[in-house]
**Q** 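Got a structure here, written out as structure tokens. Questions coming.
What you see below is based on every heavy atom in this structure, not just the backbone, and it leaves out hydrogens, waters and symmetry mates. Ligands are counted one by one from 1 in listed order, and the atoms in each one are counted from 1 as well. In this chain, residues are counted from 1 in sequence order.
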Amino acid sequence: MWENKFHISPKKGLLNDPNGLIFYKEEYHVFYQYNPTSCEHRNKHWAHLKSKNLVDWEELPIALSPTDWFDKDGCYSGSSIEKDGKLYLIYTGNVKNNGIRESYQCLAVSEDGINFKKLGPVIFDKDIPKNYTRHFRDPKISFDGKKYWIVLGAQRLDLTGTVIKYSSIDLINWNFEGEILKEDFGYMCECPDEISFDKDKALLFCPQGLEAKGILYNNLFQSGYIINGDEKNFCELDRGFEFYAPQTFKDKNGNNILFGWVGVAEELKDFPSVVEGWIHNLTIPRKLILKDNKIFQQPHENLKFLRKKSIILNNFFVKEKVNLKDCSISGKTYELIINFENLNKDFSIEIKSNRDNRTLLEYDYLNKIFTLNRENSGENLKGVRKCILTTLSKIHIFSDNSCVEIFLNDGEEVFTANIFSEGEEIILDNQNASISSIEFYEI
Ligand code: FRU
């Protein structure tokens, strides 16, 4: 019942971080952290899918399994790169002997993009530089035309989090190149990713242990970025409840595309999909755009291929509450776009609504705050998340059976959340505000 229609999710078992994202030989490959045997965080494999268009996915055999001495307690997160026509994976082999952690950065290679041969560790646990603990993982690889680079999440001996770099000319021999984060970011940084936009650079990473500050950093762990090394201005990527460990790659047009994990490493025994034997999903692919030192995230244009029946309403003006069901708009899986014309008052919309449940999106015009409220949204998951938004010009929602992604103002802010509700109604309360258009697409 909660199985998602267009978000990548496992049929059985647990999904976490997206890994190894790449456009290779005219196809998109997505791997993810996968426990095939239960909904718990252990026994991590790399699941594998490919697609020609980023929306229709073909499942492939598991790419990596934790079967060797250097990865026996988990084939942890990593990335991929093409070299000499072959597809290389670089990932962290997690090993625990008597509770003591060891981390190995390992390679695997494939000639056909489907079957992978492990080549073993290229950075051994014993070679971790002496300033760091064994929390040393999640290599994200890139090539600058001369050298290969990886960024890695690391923990200093004083138990603060940072991101470090290595370089290599052959993928086999790696040289430690130092830290790229100077400040302390919590007690550990996971899943770093360094990307470029024309002249600018962004470092995406996931600090663990940041304290909540008002409406910021309210999830257990954070996921955000800095631009051009400006560590004072760390900005969260997503304002919702479940979002972590994103990874990017370039699509065939050279755009930076991101997939995130719709989850955070909170052990939720009562997560509603667990009774169906699976847990978690990835986000939809999002195109990243840098504007005024801020990353905007937009649904990848290929998501249009998912659109079925459409209903478009122009110049919508309603005095009181309107249930869009009266315009034949309702459902569980859809894309909904609401465009405003100079909105100068409060606005709210209920989605996944029925007699008992509603998920509320509210814009407080005076205080410039947008809120996602799932206090009464359905089974088990609760809470409120907010962000500052100086104007509201567009709400763009992707609703799936148990997941929503809400893009505001063409990706200026995004809220991602799991919602377990059978409600299908969409109710607007626009208090005389005029909406220039409503576009609804069944998916
Ligand atoms: C992030 C993370 C990574 C690790 C992986 C293990 O969610 O903790 O740091 O490689 O998950 O599944």
**Q** With heavy atoms of S77 as the reference, note each atom of ligand 1 found under 4.0 Å away.
**A** 5 (C), 10 (O)
**Q** Show me which atoms of ligand 1 lie under 4.0 Å from any heavy atom of Y244.
**A** 1 (C), 7 (O)
**Q** What residues form a salt bridge (Lys or Arg N to Asp or Glu O under 4.0 Å) with E379, not counting sequence neighbours?
**A** none
**Q** Can you tell me which residue and heavy atom of the protein come closest to atom 8 (O) of ligand 1, and the distance to 0.1 Å?
**A** E190 OE2, 3.0 Å
**Q** Provide the number and element of each atom of ligand 1 under 4.0 Å from a heavy atom of Q33.
**A** 5 (C), 6 (C), 12 (O)
**Q** By the definition ring pair (Phe, Tyr, Trp, His ring centres under 6.0 Å), identify the one residue from W46, F31, Y88 that meets it with F116.
**A** F31
**Q** Whether the side chain of Q247 engages the backbone of L258 through a donor-acceptor N/O pair (distance < 3.5 Å, no angle test) should be reported.
**A** no
**Q** Report the nearest protein non-hydrogen atom to atom 7 (O) of ligand 1: residue, atom name, distance rounded to 0.1 Å.
**A** D17 OD1, 2.8 Å
**Q** Which heavy atom of the protein is the closest neighbour of atom 9 (O) of ligand 1, given with residue, atom name and distance?
**A** D138 OD2, 2.7 Å
**Q** Measure centre to centre between the rings of F398 and Y334, then say whether the value is under 6.0 Å.
**A** no
**Q** May I ask you to decide whether E335 forms a salt bridge with R307, counting only side-chain N to carboxylate O separations under 4.0 Å?
**A** yes
**Q** Could you check whether any heavy atom of T92 sits closer than 4.0 Å to an atom of ligand 1, since that is the contact criterion I want to use?
**A** no
**Q** So is W261 in contact with ligand 1, going by heavy-atom distances below 4.0 Å?
**A** yes
**Q** Side chain or backbone of N16 under 4.0 Å from ligand 1, or both, or neither, by non-hydrogen atoms?
**A** side chain
**Q** Sequence neighbours left out, what passes salt bridge (Lys or Arg N to Asp or Glu O under 4.0 Å) with E242? Give chain and number order.
**A** R374
**Q** State whether the side chain of T391 and the backbone N or O of S393 hold a donor-acceptor pair below 3.5 Å, judged by distance alone.
**A** no
